[in-house]
Amino acid sequence: MGTTVAARQVFRWTVRASSSSLLSPPLTSRCLLQPRPGLFCSTSSRSPMQSSQHNHPVSPVSETPVTELSPQSLADMGFTGTQAEQMLETASKARGGRAARHALSTLTALLALGLNPSSVLKLLQKCPEVCSVKESQLQQRVGNLRKLGLVEGSLQRVVAHYPQILTVPVKTVKHVVVLLREKCLFTAPQVTDILRESPAIVLGDLAQVEFLFQYVYFRMGVKQAEIIKSRLFRYSLDEVRCRHCFLERRGLYQTPDKKGQTIIINPKLDSILNVDQMTFLTAVAKASVEEYDVFQRLVAKEWLEEEKEQGSINVDATYSEEEEDEEEETGGRSGYIKTRKRTI
């Protein structure tokens, strides 16, 4: 019985509220200038402070995050006015669809890496292509370098010195590491040293890198530890071979025998490579500039002839293989085919 009475009372309140809402004027989207206690706007999200200034509309604040470079966004990152102008100019060199989308996030990731605005500006002036790298890719590449042993301090120095390393996919870097570990037999710490001292190796031709190592290891008899110390992979094969052959022909360098022994004491690879030409000639080769210039011209001709001979040998080998294949396929007609080819 009590439940029925309560239900009827609720029904009466509902009818009264609906009828009063039909007779009262509709509420507008603006609140009253002097809001009474307990009176709220039903359709507006403005606060009483905003509603009291309805005669002077306030532009809404955009909640959309900034996605493009601007003087203000760069200033918020800590760049000075001059640096911001230089940064915008640098970014415009790599400006494109991808660069425009990723430049701001790339800058944020570089600053989070621990680089200051000045270092970031110099980095991008060296390699504007970094602006085109997605933030996710940048983080993956930095994470991979950390896994390879480039810890804090070394990582920042490598990136600042050779920012192109950030444009190289993780897969490419892994190929270089596999070559150094499996073909050149460097240890993991030695690979880290190579990446730190010669980061450009990640963009080198793997075949040339392997051949350079083989030349120094077998032809010159230099082991891995000395190779690391000499920073070998900063130099090309021609540079290394030219200085080595000059010393060898002057009787100042000898290839070690199978036991690693030599009659003379060979100069260290570090003293051969990590010095300028004048120091190399006076301190190591004991020769004049004129002698070395003549040697370079002569050896350049020799190497060119060797390349031509090597090319002709490869052509002859290919020709012989083709002849053998044709003999197997044509049987008795092989002599006729050979004659035709030679007359042509």
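This structure is a prediction, so every number in the text was calculated from the model and none was measured. One is the number of the first residue; the rest follow in order along the sequence.
Listed by first and then second residue, the ring-ring contact (aromatic ring centres under 6.0 Å, His included) pairs that reach into residues 170-207 are F186-F213, sequence neighbours excluded. A side-chain hydrogen bond (donor to acceptor under 3.5 Å, both in side chains) check over residues 260-274, counting only residues at least two apart or in different chains, returns the pairs Y235-N274, D270-N274. The side-chain hydrogen bond (donor to acceptor under 3.5 Å, both in side chains) contacts involving residues 164-173 comprise nothing, where partners must be two or more places apart or lie in separate chains. The stretch residues 176-186 participates, sequence neighbours left out, in no side-chain hydrogen bond (donor to acceptor under 3.5 Å, both in side chains) pair at all. Among residues at least two apart or in separate chains, salt bridge (Lys or Arg N to Asp or Glu O under 4.0 Å) pairs with a member in residues 137-152 are R146-E152. Screening residues 275-297 for salt bridge (Lys or Arg N to Asp or Glu O under 4.0 Å) gives R250-E291 as the qualifying pairs, with residues at least two apart or on separate chains. Residue pairs meeting the ring-ring contact (aromatic ring centres under 6.0 Å, His included) criterion with at least one member in residues 242-277, sequence neighbours excluded, are Y215-H244, H244-Y253, F246-Y292, F246-F295. Residues in residues 206-227 take part in these salt bridge (Lys or Arg N to Asp or Glu O under 4.0 Å) pairs, two or more places apart or across chains: R219-E248. For residues 106-135, the set of pairs meeting the ring-ring contact (aromatic ring centres under 6.0 Å, His included) definition, not counting sequence neighbours, is empty.
A side-chain N or O of S70 and one of S73 form a donor-acceptor pair less than 3.5 Å apart. With hydrogens and angles left out, the side-chain atoms of N144 and Q140 include no donor and acceptor closer than 3.5 Å.
Looking at S154, its side chain never comes within 3.5 Å of a backbone N or O of L150 through a donor-acceptor pair. Judged by distance alone, with hydrogens and angles left aside, the side-chain atoms of E89 form no donor-acceptor pair with the main-chain N or O of Q86 at under 3.5 Å. Under a 3.5 Å cut-off, the side chain of T192 and the backbone N or O of L148 do form a donor-acceptor pair.
Through side-chain heavy atoms spaced under 4.5 Å, either directly or across other Ile, Leu, Val, Met, Phe, Trp or Tyr residues, V170 is tied to no other residue.
Under the 4.5 Å side-chain contact rule for hydrophobic residues, V151 and L166 do not share a cluster. Residue L273 is grouped with residue F211 when hydrophobic side chains (ILVMFWY) are merged at heavy-atom distances under 4.5 angstrom, including chains of intermediate members.
For the residue pair S288 and L281, the shortest heavy atom distance occurs at O-CD1, 3.9 Å. A pairwise comparison of heavy atoms in L185 and Q190 identifies O-OE1, 4.4 Å as the closest pair.
For R157, the salt bridge (charged side-chain N to carboxylate O under 4.0 Å, His left out) criterion is met by no residue, not counting sequence neighbours. Legend: residues meeting salt bridge (charged side-chain N to carboxylate O under 4.0 Å, His left out) with E302, ordered by chain and number and at least two apart, are R249.
Other residues, nucleotides and ligands place no more than 12 heavy atoms under 6.0 Å from the CD1 atom of I265.
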